[in-house]
Amino acid sequence: MLLPTLSPNAPDLADAVIIGDEHLSREDLVGAATAVAERIRGARTLAVLARPTGSTVLAVVGGLIADVTIVPVPPDSGRREIHHILTDSGAQAWLGEAPTGATLPTIPVRRYARSWHSHPEPSADSVALILYTSGTTGAPKGVPMTRRAIAAGLDALADAWDWTSDDALAHGLPLFHVHGLILGLVGPLRRGGRLIHTVTPTPQNYARAAADGASMFFGVPTVWSRIGAAPDLAQQLSRARLLVSGSAPLPVPIFEQIRAVTGHEVVERYGMTETMITVSTRAGGERRPGWVGLPLTGVETRLVEGGAALPHDGESVGDLHVRGPMLASGYLNRPDATAESWLGDGWFATGDVAVIGDDGMHRIVGRRATDLIKSGGFRIGAGEIETVLLAHPAVREVAVIGVPDADLGQRIVAYVVGDRSPDDELIAFVGQELSAHKRPREIRWTESLPRNAMGKVQKKLLGDGSERG
Ligand code: MLC
Ligand code: AMP
C-alpha cells in the first residue's frame, strides 16, 4: 500500500499538511482527496497545474487514491512546454486550476467536499505520476513512475535517514519534481508525519518552520547557500533533527557554513528523475563534505570507462551506472532515448561522472554532457532553449551554456549571432515558450560562434573557460 496512513481508519492528525496559510488535518486530506477520487474515477491521465497549494495536494492525493495517473505541470510553463506535456502524456483534462487559454476540460477540486468511500489499492505496477525532465536536446521527456518504485524509493530513504512518523518535514520546493513532490509530499504521507510546505524556500520561511517544530528540512544547494548567508535565521534550524541537500552538488564551503551556524552536518543525497534517490549519506553515518554517500539499501552502483568496470579506489573517474527497485523503466514514447540510458539487466547510465572510494563513498565529479545545465537545482537542456531562440527573428545562430554561479550553481548564458535587439526581449521570448527558470540570465552578442572542422559549436571555448564538462 502506497499511503497506509491515509486509509480511512488511520488516526486523525491535526495539521497533517500545512501549505502556506492552508491547514489540512489527516481527516480533511482523506475526506477531500477521496471526494476528488470519486469525481475522477475511470479517468486515465490528468494534468495538475502544480502550484504550491492545498488544491494541488488534494489533486495529487486524489489521483493516487483513484488510480489515475497525474501529470504535474510547472505552473510557470510557457506555451510550447504545456502543449508538449499535454500531448505527450495524453492528459484528458486539468484537475483543479487550468492555465489561461487552456483547451482541455477542467475538473474542479473542492476543498470542503468529503467522501469516505474506501477505494481498492491499485496495482503496484500502476503509473502514479509522469514527471517531465529535460534532456540535452529536444523537448522534455516524460518519466512514468510506478507506485512500486515510489514506495521502494521512499522506504530506502526512510532507512537511510531514520525518517519516521515522528518527523515533521519542512521545505518550499516545487511540487512537480522528484525532490519537492515525491520526497517532499508523497514522502511524509507515506511515513505518516507532518508536512510544512513553506511555498517558497526562503531563510525566513525555514526559520519559521523550525520554530513551528519541523524536524527535517529539504533544500537544493541554492536554498542552503541563502540560509547560510542569513546566520540569525539559520540558527533556528539548530533544533532540527536532519538537514538534507540534493538535486545539485552542495559546495563544500556551504556545507561548512551551515555546520558553523546550525551545528548540523547537512546530509547530501544524489538522484535523478529517472532513478529517484540512489545514493545518500546516512543519519547515523559519516557526512563527508563534497561526497554524496553510500548506495541506498537495494541499490547497486558501478563505474565504467569505455565498457570496462573501474576500481572503487577513490581516484578512478568513470561513468556512474545505478540499479535498484526505485528506478523508472524508461521514458514515455521515447524508445530511442530509453535504449540509450537503460542498458539492460536493470542498469541505468546516469550521465554523471563519479568516483567511488574503497569504503563505498561516492563523489559526483560532473556530467558527461555540457548541454545539461543545473541552475538552482532545475535541470535544463541547452538544446531546448536554443530551439526557442532560433525561432526569434533577430537570431541567426545561438549557443546556450551554463556558467558557474555562486548562488545558482550554474547560470544560463546565451551566445547569439544576429541582429542586435534588446536582451530583455529575447529573455522574455524564452519565458513565453518555456518555464521561467529556463530563461537565459544573460545574452552575449557575438560576431560568430567557435566551431570545429565539422561545423559543430565548441561550447568549451565559450564562457570564462571554467565551465564543466
Ligand atoms: C530568474 N529571474 C529572471 C531570470 N531568471 N529575471 C530575468 N531574467 C531571467 N533570466 C527572476 C525570477 O523570476 C525571480 O523573480 C528572480 O529573478 C530571482 O530568481 P532566482 O534567482 O531563480 O531565485 P528564486 O526565484 O528565488 O529561485 C531559486 C530557487 C529555485 C532555489 C527557489 O531555483 C527553486 O525552487 N529550485 C528548486 C528546483 C528543484 O526543486 N529541483 C529538483 C529537481 S528533481 P521574482 O520576481 O519571482 O523574485 C532532482 C532529483 C533530485 O533534481 O536529485 O532531487
Ligand atoms: P533531475 O533530472 O532534475 O532529476 O536532475 C538529476 C541530476 O542532478 C543528476 O544527474 C545530477 O547531475 C544532479 N544531481 C542531483 N543530486 C546531486 C548531488 N547531490 N550532487 C551532484 N549532482 C546532483
Side-chain angles (χ1 to χ4, degrees), residues 50 52 72 74-76 131-135 140-141 143 153 157 171-184 198-203 205-206 218-227 244-251 255 266-281 290-293 319-320 322 328 341 348-354 362-369 372-381 385 402 405-414 423-431 434-443 468-469:
D76 61 359
L131 301 187
Y132 277 81
T133 190
S134 292
K141 292 172 285 194
V143 182
L157 288 175
H171 71 91
L173 297 170
L175 293 178
F176 46 86
H177 282 312
V178 159
H179 199 163
L181 179 63
I182 299 192
L183 274 54
T198 62
V199 179
T200 54
T202 59
N205 288 347
Y206 276 36
F218 289 170
V220 297
T222 302
V223 169
W224 292 117
S225 161
R226 293 177 184 182
I227 289 173
V244 185
S245 179
S247 304
L250 182 70
F255 178 97
V266 172
V267 161
E268 185 163 7
R269 92 296 180 291
Y270 160 82
M272 293 184 76
T273 307
E274 294 88 333
T275 66
M276 298 202 21
I277 309 310
T278 48
V279 180
S280 180
T281 53
W291 294 69
V292 295
D319 292 317
L320 179 65
V322 300
S341 297
F348 177 85
T350 62
D352 290 304
V353 176
H362 289 53
R363 184 163 66 84
I364 306 298
V365 176
R367 276 202 73 80
R368 190 57 80 189
L372 270 189
I373 301 166
K374 266 266 155 162
S375 189
F378 286 113
R379 172 166 144 189
I380 299 155
I385 303 171
D405 184 280
D407 181 44
L408 298 166
Q410 288 183 295
R411 150 176 111 253
I412 305 172
V413 173
D423 295 357
D424 288 353
E425 187 186 307
L426 262 62
I427 292 169
F429 187 69
V430 175
L434 307 175
S435 306
H437 63 264
K438 295 183 179 173
R439 290 173 295 176
R441 304 265 160 173
E442 211 184 308
I443 305 287
R468 286 202 287 164

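Numbering of ligands and ligand atoms starts at 1, following listing order. We count residues from 1, following the sequence as given.
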Ligand-side contact atoms (ligand 1) for residue partner [X], heavy atom cut-off under 4.0 Å:
{"X": "G271", "result": "53 (O)"}
{"X": "H179", "result": "42 (C), 44 (S), 54 (O)"}
{"X": "P201", "result": "32 (C)"}
{"X": "I427", "result": "8 (N), 10 (N)"}
{"X": "G377", "result": "38 (C), 39 (C), 41 (N), 42 (C), 43 (C)"}

Any non-hydrogen atom of K374 lying under 4.0 Å from ligand 1?
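True for this residue.
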
Non-hydrogen atoms of E442 versus ligand 1: any pair closer than 4.0 Å?
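False for this residue.
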
Geometric N/O contact [X] with ligand 1, under 3.5 angstrom:
{"X": "R269", "value": "yes"}
{"X": "P174", "value": "no"}
{"X": "S247", "value": "yes"}
{"X": "A436", "value": "no"}

Look at [atom] and find which of [options] reaches it with the closest heavy atom.
{"atom": "atom 12 (C) of ligand 1", "options": "M272, R439, H177, H437", "value": "R439"}
{"atom": "atom 19 (O) of ligand 1", "options": "E274, R379, R441", "value": "R441"}
{"atom": "atom 12 (O) of ligand 2", "options": "D352, V178, T273, T133", "value": "D352"}
{"atom": "atom 27 (O) of ligand 1", "options": "R226, R411, K438", "value": "R226"}

Numbering as shown, the atoms of ligand 2 that approach [X] to under 4.0 Å (heavy-atom distance):
{"X": "E268", "answer": "18 (C), 19 (N), 20 (N)"}
{"X": "K374", "answer": "1 (P), 3 (O), 5 (O), 6 (C), 7 (C), 8 (O)"}
{"X": "R269", "answer": "16 (N), 18 (C), 19 (N)"}
{"X": "P249", "answer": "20 (N), 21 (C), 22 (N)"}

ring-ring contact (aromatic ring centres under 6.0 Å, His included) with F378: which residues, sequence neighbours excluded?
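Residues passing ring-ring contact (aromatic ring centres under 6.0 Å, His included) with F378: H177, H437.
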
At their closest point, which heavy atom of [X] faces which heavy atom of [Y], and how far apart are they?
{"X": "T222", "Y": "D407", "value": "OG1-O, 2.8 Å"}
{"X": "L372", "Y": "G381", "value": "CD2-CA, 4.1 Å"}
{"X": "L434", "Y": "K438", "value": "CB-CD, 3.9 Å"}
{"X": "L131", "Y": "T273", "value": "CB-CG2, 3.9 Å"}

Any non-hydrogen atom of A248 lying under 4.0 Å from ligand 2?
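A248: in contact with ligand 2 (<4.0 Å).
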
Does a side-chain N-to-carboxylate-O contact under 4.0 Å join D319 and R368?
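A salt bridge is present here (some side-chain N lies under 4.0 Å from a carboxylate O).
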
Is the shortest side-chain N to carboxylate O distance from E274 to R379 below 4.0 Å?
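Salt bridge flag = yes for R379 with E274.
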
In terms of side-chain heavy atoms, does T200 have a donor or acceptor partner in N205 at a distance below 3.5 Å?
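The criterion, which ignores hydrogens and geometry beyond distance, is satisfied for N205 and T200.
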
Is there a side-chain contact between [X] and [Y], using heavy atoms and a 4.5 Å cut-off?
{"X": "S280", "Y": "V267", "answer": "yes"}
{"X": "Y206", "Y": "T198", "answer": "yes"}
{"X": "V430", "Y": "P440", "answer": "yes"}

Spacing of [X] atom [atom1] and [Y] atom [atom2] [to the nearest 0.5 Å]:
{"X": "I412", "Y": "I380", "atom1": "CD1", "atom2": "CD1", "answer": "3.5 Å"}
{"X": "Y132", "Y": "K141", "atom1": "OH", "atom2": "NZ", "answer": "12.0 Å"}
{"X": "T350", "Y": "L320", "atom1": "OG1", "atom2": "CG", "answer": "4.0 Å"}

So which protein heavy atom does [atom] come closest to, and at what separation?
{"atom": "atom 30 (C) of ligand 1", "result": "F378 CE1, 3.7 Å"}
{"atom": "atom 36 (N) of ligand 1", "result": "G376 O, 2.8 Å"}
{"atom": "atom 10 (N) of ligand 1", "result": "P440 O, 2.6 Å"}

Closer than 4.0 Å and a protein heavy atom, does any atom meet both conditions relative to [atom]?
{"atom": "atom 49 (C) of ligand 1", "value": "yes"}
{"atom": "atom 25 (O) of ligand 1", "value": "no"}
{"atom": "atom 44 (S) of ligand 1", "value": "yes"}
{"atom": "atom 38 (C) of ligand 1", "value": "yes"}
{"atom": "atom 15 (O) of ligand 1", "value": "no"}
{"atom": "atom 21 (O) of ligand 1", "value": "yes"}

Go through the structure and list residues passing salt bridge (charged side-chain N to carboxylate O under 4.0 Å, His left out) with R363, not counting sequence neighbours.
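Not a single residue meets the salt bridge (charged side-chain N to carboxylate O under 4.0 Å, His left out) criterion with R363.
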
Could you tell me whether some N/O pair between R379 and ligand 2 is separated by less than 3.5 angstrom?
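In this structure, R379 places an N or O atom under 3.5 Å from an N or O of ligand 2.
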
Where does H177 meet ligand 2, judged by heavy-atom distances below 4.0 Å: at the side chain, the backbone, both, or neither?
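The answer is neither.
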
Any chance the rings of Y270 and H362 have centres within less than 6.0 Å?
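So the answer is no for these two rings.
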
Can you check whether P201's main-chain N or O pairs, donor with acceptor, with H171's side chain at less than 3.5 Å?
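Absent.
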
For the side chain of Q410 and the backbone of K374, is there at least one donor-acceptor N/O pair under 3.5 Å apart?
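Side chain of Q410 to backbone of K374, a donor-acceptor pair under 3.5 Å: yes, one is there.
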
